Amino acid sequence: QVYLVESGGGSVQTGGSLRLSCVASGGAVSRYVMGWFRQAPGKEREGVACIADYGGASHADSVKGRFSISKDNAKNTLYLQMNSLKPEDTAMYYCAADRSPAPWRACRLFQNEYNTWGQGTQVTVSS
């Protein structure tokens with residue numbers, strides 16, 4: 001059984017930074033496509049960023065230039081560095097894994113491709 005546990009959320013002011021972490025147990029992030037998703041109150045969950053097993057990454061247009069996804073295979077941990085935070089970034093952030101990725105395919109932010117989810121960590125940005 002693979003478990004994902006997020007941490008690093010909190011409350012910051014506009015323009016601040018946070019780094020989210022997601023530790024995987026029972027499986028290796030090196031073999032999975034990993035992604036970050038978020039859900040704001042009253043809104044649907046949306047993709048933020050993903051990273052393929054081979055390391056290629058993709059970011060949603062709304063966070064490009066501000067957020068950066070990365071992973072440390074040795075620590076079995078996924079990260080999301082969030083800079084220049086805005087109030088509209090306020091949401092519950094979820095880590096997710098596609099444990100059966102197609103070989104050498106670029107990662108995508110389609111939620112139905114991810115089969116393992118964490119419980120989430122709350123990010124609140126105040127103006």
Side-chain angles (χ1 to χ4, degrees):
Q1 185 79 4
V2 177
Y3 295 96
L4 303 175
V5 179
E6 304 96 331
S7 62
S11 297
V12 296
Q13 292 188 327
T14 297
S17 297
L18 286 172
R19 188 176 80 155
L20 305 184
S21 299
C22 170
V23 178
S25 60
V29 299
S30 60
R31 297 200 299 264
Y32 304 154
V33 168
M34 302 294 297
W36 287 101
F37 294 79
R38 67 185 181 185
Q39 187 168 21
K43 295 187 177 182
E44 293 187 356
R45 190 161 58 186
E46 63 176 359
V48 176
C50 62
I51 186 165
D53 49 352
Y54 60 86
S58 179
H59 298 77
D61 288 343
S62 59
V63 305
K64 277 181 182 176
R66 299 188 300 122
F67 291 10
S68 179
I69 190 171
S70 63
K71 62 178 179 173
D72 186 330
N73 291 336
K75 295 182 177 180
N76 220 24
T77 301
L78 177 73
Y79 300 102
L80 184 68
Q81 179 66 45
M82 305 187 296
N83 300 325
S84 302
L85 282 161
K86 305 175 181 179
E88 51 264 44
D89 295 318
T90 294
M92 184 71 78
Y93 283 71
Y94 298 92
C95 168
D98 172 7
R99 294 185 284 117
S100 302
W104 294 103
R105 188 183 73 187
C107 69
R108 302 186 298 188
L109 290 171
F110 298 139
Q111 297 183 48
N112 59 1
E113 293 185 351
Y114 294 80
N115 41 44
T116 302
W117 293 80
Q119 294 299 307
T121 185
Q122 178 68 38
V123 172
T124 303
V125 185
S126 57
S127 57

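Being a predicted model, the structure only gives us computed values, none of them experimental.
Sorted by first and then second residue, the ring-ring contact (aromatic ring centres under 6.0 Å, His included) pairs with a member in residues 48-77 read Y54-W104; sequence neighbours excluded. Applying the disulfide bond (SG atoms under 2.5 Å apart) definition to pairs two or more places apart or across chains, those involving residues 94-127 are C22-C95, C50-C107.
L85 and I69 fall within a single hydrophobic cluster, where Ile, Leu, Val, Met, Phe, Trp and Tyr side chains are chained together by heavy-atom contacts under 4.5 Å. Following chains of ILVMFWY side-chain contacts shorter than 4.5 Å, one cannot reach V23 starting from L4, and the two form parts of different hydrophobic clusters. Cluster membership for M82 and L109, using ILVMFWY side-chain heavy atoms within less than 4.5 angstrom, is not shared. Both V125 and V48 are part of a single hydrophobic cluster, where members link through side-chain heavy atoms under 4.5 Å apart.
Around CD of E88, the count of heavy atoms belonging to other residues, nucleotides or ligands within 6.0 Å exceeds 12. Atom CD of Q122 sits in a crowded spot, with more than 12 heavy atoms from other residues, nucleotides or ligands closer than 6.0 Å.
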Pairs of donor and acceptor atoms involving the side chains of residues 33-45, under 3.5 Å and at least two apart or interchain, shall be tabulated with distances.
{"residue": "W36", "atom": "NE1", "partner": "Y79", "partner atom": "O", "Å": "3.1"}
{"residue": "R38", "atom": "NE", "partner": "E46", "partner atom": "OE2", "Å": "2.6"}
{"residue": "R38", "atom": "NH1", "partner": "D89", "partner atom": "OD1", "Å": "2.9"}
{"residue": "R38", "atom": "NH1", "partner": "Y93", "partner atom": "OH", "Å": "2.9"}
{"residue": "R38", "atom": "NH2", "partner": "E46", "partner atom": "OE2", "Å": "3.1"}
{"residue": "Q39", "atom": "NE2", "partner": "K43", "partner atom": "O", "Å": "3.1"}
{"residue": "R45", "atom": "NE", "partner": "Q111", "partner atom": "OE1", "Å": "2.8"}
{"residue": "R45", "atom": "NH2", "partner": "Q111", "partner atom": "OE1", "Å": "3.3"}

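Taking CZ from R19 and CG from L80, the interatomic distance works out to 10.5 Å, rounded to the nearest 0.5 Å. Between L78 atom CG and I51 atom CD1 the span is 7.0 Å, to the nearest 0.5 Å. Atom CD of E113 and atom CG of D98 lie 6.5 Å apart (nearest 0.5 Å). For the atom pair CG (N115) and OG (S100), the distance works out to 5.5 Å, reported to the nearest 0.5 Å. Atoms OH and OG1, from Y32 and T116 in turn, are 7.0 Å apart once rounded to the nearest 0.5 Å.
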Item to complete: List the steps and the verdict of side chain to side chain contact (heavy atoms under 4.5 Å, CB included) for Q119 and V5.
Response: CA-CA 7 Å; Q119 294 299 307; V5 179; over 6 Å; no
Practice prompt. Report the C-alpha distance between R31 and D53 in whole Å, list the side-chain angles of each, state the deciding distance to 0.1 Å, and finish with yes or no for side chain to side chain contact (heavy atoms under 4.5 Å, CB included).
Written response: CA-CA 5 Å; R31 297 200 299 264; D53 49 352; 5.6 Å; no
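With hydrogens and angles disregarded, no donor-acceptor distance shorter than 3.5 Å links the side chain of T124 to the backbone of S11. Between the S84 side chain and the R66 main chain, no donor and acceptor come within less than 3.5 Å of each other. Using a distance-only test at 3.5 Å, with no hydrogens or angles considered, no donor-acceptor pair links the side chain of K86 to the main chain of G15. Between the side chain of Q13 and the backbone N or O of S126 there is no donor-acceptor pair closer than 3.5 Å.
The two atoms that bring A24 and V29 nearest to each other are CB-CG1, 3.7 Å, heavy atoms only. When all heavy atoms are compared, the tightest approach of Y94 to G118 is CD2-O, 3.6 Å. Q81 and S17 get closest at one heavy-atom pair: NE2-CB, 4.1 Å.
Between the side chains of D72 and T77, no donor-acceptor pair is found at a separation under 3.5 Å.
Side-chain contact between V123 and L18 is present, with at least one heavy-atom pair separated by less than 4.5 Å. Using a 4.5 Å heavy-atom threshold, the side chains of S25 and V2 count as separate.
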